[in-house]
Number of protein chains: 2
Amino acid sequence: MTDTEIKISKSQRAYQWIKERIFNHQFTPGYRLVLGTIAAELDMSVVPVREAIRQLEAEGLVTFERNVGAHVAMLDEDRYSASMQTLSLMEAAAVALAASSLTEEDLRRAREANERLRGTLEPRRAFDPHAFTVLNQQFHAILYRACPNQRLVELIDAEWARLGNMRDSIFTFVPERARESVREHDELLDLLERGAPTHEIEHTMRRHRAGTLQALLSHNHPDQPVGMPEL
Amino acid sequence: MTDTEIKISKSQRAYQWIKERIFNHQFTPGYRLVLGTIAAELDMSVVPVREAIRQLEAEGLVTFERNVGAHVAMLDEDRYSASMQTLSLMEAAAVALAASSLTEEDLRRAREANERLRGTLEPRRAFDPHAFTVLNQQFHAILYRACPNQRLVELIDAEWARLGNMRDSIFTFVPERARESVREHDELLDLLERGAPTHEIEHTMRRHRAGTLQALLSHNHPDQPVGMPEL
DNA sequence: GTATCCGAAATCGTATACGATACCTCCGCC
DNA sequence: GGCGGAGGTATCGTATACGATTTCGGATAC
């Protein structure tokens with residue numbers, strides 16, 4: 001028989017189900033999660049759903065207020081840029097640590113991902129910020145996931161998940177910045193290919209992300225000075 | 001009436017209660033958390049206790065296995081050093097970012113904390129690794145908590161909590177390293193006081209933590225090369 | 001027309017109950 | 001004496017039930 005399948009608890013199922021909807025943007029930031037409704041939908045009682053929501057709360061994906069209920073988390077501008085800055089710092093370190101373990105294959109896939117990114121910039125089609133964001137995330141993931149420090153990778157993944165869902169990604173890239181971003185990716189790949197020293201790689205990564213952050217902020221608030229520590 | 005007190009949910013109470021015991025080392029890594037027992041102890045049913053444990057699981061402080069139960073989390077050597085390295089990288093960045101916002105008062109308190117650390121090294125008393133670890137954490141906390149990026153501070157706090165409890169802190173400091181550590185703290189404080197450039201601060205922090213990590217590892221496994229990216 | 005209060009409905013919070021699963025002990029077999 | 005299987009016990013997983021709290025709509029006063 002096919003009992004290789006591991007039995008999964010209802011609370012786990014609820015957890016995954018909700019998380020999936022959040023990532024899908026079916027449940028957008030601020031959306032109210034009603035325990036009873038979700039329980040009915042999944043054909044279970046509220047108890048496992050509550051557990052699932054507690055987990056999601058601990059991960060920062062939802063907020064939960066006593067006697068009020070759960071909502072998909074939202075980040076205000078400040079928290080957003082703090083999160084972004086944190087992500088950038090971690091990622092820069094991760095890529096630097098990954099540098100020596102990157103294989104030919106990793107680099108090839110990264111180049112390829114960057115070419116797909118460049119593809120979205122074709123002047124003949126309208127710039128699609130969402131597609132760009134997804135591909136951009138893929139490009140970055142190829143590099144930082146090669147980092148031998150798995151804990152660091154976990155934290156980066158978690159943080160990126162938060163960011164991806166807390167805000168409409170539409171604000172993340174203005175077309176001009178996107179173009180520059182792709183060029184910077186090339187530059188980074190060149191460094192990695194020729195085995196540049198780790199500090200140079202980390203420095204380049206930070207500059208790259210600082211640029212993105214800057215563009216994002218100045219697009220919304222043309223003032224506000226948020227930076228990255230100069231390496 | 002004194003109804004300024006906010007009513008706290010039972011699951012929150014359970015959460016805090018368990019967490020407290022873990023931090024106290026009353027519940028040491030590997031300790032089994034039996035839902036019914038905890039519920040009885042806290043005079044509540046198992047439902048809120050389960051929720052609390054799910055939250056703690058999401059934070060990485062306990063592990064929870066279907067139909068088996070919950071245990072206080074343990075980290076093996078590899079995960080431990082990965083976590084430590086991650087913490088170090090984040091903290092170095094945080095202190096660098098904090099540099100410009102540190103007040104006189106912060107620095108004074110940091111000096112004071114370091115003097116208390118030095119006190120534990122008095123040759124006439126036996127070295128107490130646990131006391132040293134606690135004071136050391138306080139010293140570091142003063143500096144990184146001043147970082148304006150609150151998200152980064154949160155992550156560092158969480159990571160430090162994990163580390164503090166996943167292993168017996170007795171292995172964290174051998175006396176020789178402790179002595180060197182205190183000296184490096186002084187050096188760091190000097191840099192901060194004279195407003196050294198952020199990259200120098202970050203560099204110094206990384207070296208400091210890399211040294212600690214190195215000492216720890218070579219104390220257990222005299223081989224294994226784990227480093228920090230050179231800045 | 002707006003503000004305020006009251007009551008009903010929706011929803012949350014947790015206790016209790018009970019089936020399901022894993023673990024442990026003891027017995028019989030080899 | 002050691003090993004495997006049966007039954008009992010401890011514990012987990014979740015449904016159901018019900019009191020507590022919030023929210024919302026409507027009625028009343030100004």
Side-chain angles (χ1 to χ4, degrees), chain A residues 1-19 21-22 27-74, chain B residues 1-22 26-74:
Chain A
M1 33 173 179
T2 66
D3 67 357
T4 325
E5 55 196 74
I6 316 139
K7 218 173 181 182
I8 196 165
S9 67
K10 293 204 177 182
S11 57
Q12 278 307 321
R13 194 149 61 80
Y15 171 82
Q16 289 169 1
W17 188 88
I18 298 170
K19 197 164 179 176
R21 310 281 140 145
I22 295 178
F27 293 166
T28 54
Y31 182 88
R32 180 170 183 195
L33 301 166
V34 179
L35 298 182
T37 308
I38 295 174
E41 186 94 30
L42 289 173
D43 190 37
M44 58 178 72
S45 81
V46 295
V47 178
V49 177
R50 281 181 64 91
E51 283 180 24
I53 284 182
R54 280 283 204 240
Q55 279 185 269
L56 291 163
E57 185 197 14
E59 286 175 36
L61 288 177
V62 316
T63 60
F64 198 41
E65 204 180 340
R66 181 184 165 79
N67 279 325
V68 173
H71 294 260
V72 177
M74 285 194 297
Chain B
M1 34 173 178
T2 65
D3 67 356
T4 324
E5 55 195 76
I6 315 140
K7 219 175 181 180
I8 196 164
S9 68
K10 294 204 176 181
S11 57
Q12 278 307 320
R13 196 149 60 80
Y15 171 82
Q16 289 168 2
W17 188 87
I18 298 171
K19 197 164 178 176
E20 207 177 295
R21 309 281 142 147
I22 295 179
Q26 286 182 47
F27 292 167
T28 53
Y31 182 89
R32 180 169 183 194
L33 301 166
V34 180
L35 298 182
T37 308
I38 294 174
E41 186 95 28
L42 289 173
D43 190 37
M44 59 179 71
S45 80
V46 296
V47 178
V49 177
R50 281 181 65 91
E51 283 180 25
I53 284 183
R54 274 294 211 272
Q55 277 184 272
L56 290 163
E57 185 196 14
E59 286 175 36
L61 288 177
V62 316
T63 59
F64 198 41
E65 205 181 338
R66 181 183 165 81
N67 278 325
V68 173
H71 294 260
V72 177
M74 287 194 297

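The shown structure was predicted, so the numbers you read here are calculated from the model rather than taken from an experiment. Below, read A as the first sequence line, B as the second, and so on, with proteins coming before strands; counting in each chain starts at 1.
- End-to-end axis angle for the helix from C:dG1-D:dC30 to C:dC30-D:dG1, using five pairs per end and rounding to 10°, comes out at 10°.
- Within the structure, no pair that satisfies the ring-ring contact (aromatic ring centres under 6.0 Å, His included) test touches residues 36-55 of chain B, not counting sequence neighbours.
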Identify all side-chain donor-acceptor contacts of residues 40-53 of chain A below 3.5 Å with residues at least two apart in sequence or on another chain.
from: A:Ser45; atom 1: OG; to: A:Val47; atom 2: N; distance (Å): 3.4
from: A:Arg50; atom 1: NE; to: B:Glu51; atom 2: OE2; distance (Å): 2.6
from: A:Arg50; atom 1: NH2; to: B:Glu51; atom 2: OE1; distance (Å): 3.3
from: A:Arg50; atom 1: NH2; to: B:Glu51; atom 2: OE2; distance (Å): 3.3
from: A:Glu51; atom 1: OE1; to: B:Arg50; atom 2: NH2; distance (Å): 3.3
from: A:Glu51; atom 1: OE2; to: B:Arg50; atom 2: NE; distance (Å): 2.6
from: A:Glu51; atom 1: OE2; to: B:Arg50; atom 2: NH2; distance (Å): 3.3

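- Residues in residues 31-63 of chain A take part in these ring-ring contact (aromatic ring centres under 6.0 Å, His included) pairs, two or more places apart or across chains: A:Phe27-A:Tyr31.
- Note that the CD atom of B:Gln55 and the CD atom of B:Gln12 stand 5.5 Å from one another [nearest 0.5 Å].
- Applying the salt bridge (Lys or Arg N to Asp or Glu O under 4.0 Å) test to residues at least two apart or on different chains, the pairs with a partner in residues 58-68 of chain B are B:Lys19-B:Glu59.
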| task | Report, as a single string ordered 5' to 3', how protein heavy atoms within less than 4.0 Å touch nucleotides 12-22 of chain C: B base, S sugar-phosphate only, - not at all. | result | SBBBB----SS

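- Remark: B:Ser9 engages B:Ser11 in a side chain to side chain donor-acceptor pair (under 3.5 Å) (not counting sequence neighbours).
- Pairs passing the ring-ring contact (aromatic ring centres under 6.0 Å, His included) check and including a residue from residues 45-64 of chain A, sequence neighbours excluded, do not occur.
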